[in-house]
Undergrad: 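Here it is, the structure in full.
Excluded from the calculations below are hydrogen atoms, water molecules and symmetry mates; all remaining heavy atoms, backbone and side chain alike, are included.
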Amino acid sequence: DVSLLKPTQSDLRYTNLTSLSLVSVKNMKLSILAPAFPNLTELQVMLDIDGQAVEQMRTDNERFQRKHPEQSWRLESLTGDAASLYALSFQNMVHNVKILCLEEFDEGDADQAGIALTPLRPLTLSMDDLNEPIYEMPWLSQVLADGWYELVRLDLELTLHNMDSIDEHQEQLVSPSLSIARTGLTV
């Protein structure tokens, strides 16, 4: 009987695995991820799907979390692009979150990042290879102002093309504790 050879969802348990990187994933369901990797502490996700599939995946992942509130999560670190974190729709606190900005970070990415970050309430937030001028990121200011009192570290890796425009808008930066150096932005 071929059905005896086919693993069921409950057969897939990797209890020793604590770090997982999922790249070019077409469908990432928390309903599979949670029982298969019960001790996962670090997760990197990079989906390869379009906008409508992102929304469906987000809906499925939210539904799973609502139906299984007892599900325990050990995630301490979560990394991914805005769309992947949005589709994951993780609803628990994750101490360290890193958003990868691999392409042009547009308004849709900003919306998805803001929505994804709110329930995560990270202590450390990092954004790498950000190609959007810092003064054009009001979404980040809004997310930080919406009750992120626990945040202890903010790392932004910016691609600076024109320091003159940064100097002109320095007063509009996310926080008065940020300072501009000729080599980049430091927090």
Undergrad: Kindly work out whether a path of hydrophobic side-chain contacts (I/L/V/M/F/W/Y, heavy atoms less than 4.5 Å apart) joins L123 to M127.
TA: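 No.
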Undergrad: Are the side chain of N96 and the backbone N or O of L125 linked by a donor-acceptor pair below 3.5 Å?
TA: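 Pair absent, no side-chain N/O of N96 close to backbone of L125.
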Undergrad: Do M57 and I115 sit in one hydrophobic cluster, given that two such residues count as connected whenever their side-chain heavy atoms are within less than 4.5 Å of each other, even indirectly?
TA: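 Yes: a chain of side-chain contacts under 4.5 Å links M57 to I115.
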Undergrad: Taking F37 as the fixed residue, which of L75, L17, L43 is the one that meets the side-chain contact (heavy atoms from CB on, under 4.5 Å) rule?
TA: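 Exactly one option meets the side-chain contact (heavy atoms from CB on, under 4.5 Å) with F37, and it is L17.
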Undergrad: Indicate yes or no: at least one non-hydrogen side-chain atom of I99 is less than 4.5 angstrom from one of D81.
TA: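 No - every pair of side-chain heavy atoms lies 4.5 Å or more apart.
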Undergrad: For the backbone of N39 and the side chain of T18, can you confirm whether one donor and one acceptor N or O come within less than 3.5 Å of each other?
TA: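 Such a contact is absent between T18 side chain and N39 backbone.
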Undergrad: Just wondering, more than 12 heavy atoms not from N16 lying within 6.0 Å of its CG?
TA: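 Counting neighbours around CG of N16, 12 or fewer heavy atoms of other residues, nucleotides or ligands fall under 6.0 Å, so no.
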Undergrad: Under 3.5 Å, is there a donor-acceptor pair between the D60 and Q56 side chains?
TA: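 There is such a pair between these side chains.
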Undergrad: If hydrophobic clusters are built by linking Ile, Leu, Val, Met, Phe, Trp and Tyr wherever their side-chain heavy atoms come under 4.5 Å apart, do M93 and L154 end up in the same one?
TA: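 Result: no, two separate clusters.
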Undergrad: Where the side chain of R121 meets the backbone of P119, is there a donor-acceptor pair that is under 3.5 Å apart?
TA: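 Flag set: sc R121 to bb P119 pair under 3.5 Å.
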Undergrad: Under 30°, 30 to 60°, or over 60°: which ring-plane class applies to F90 and W73, parallel, tilted or perpendicular?
TA: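 Ring orientation of F90 relative to W73: perpendicular.
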Undergrad: Does a donor on one side chain and an acceptor on the other come within less than 3.5 Å for S89 and Q91?
TA: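 Distance-only check passes for S89 and Q91.
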Undergrad: When you check the side-chain N and O atoms of T41 and R74, is any donor under 3.5 Å from an acceptor?
TA: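 R74 and T41 do not have a side-chain donor-acceptor pair below 3.5 Å.
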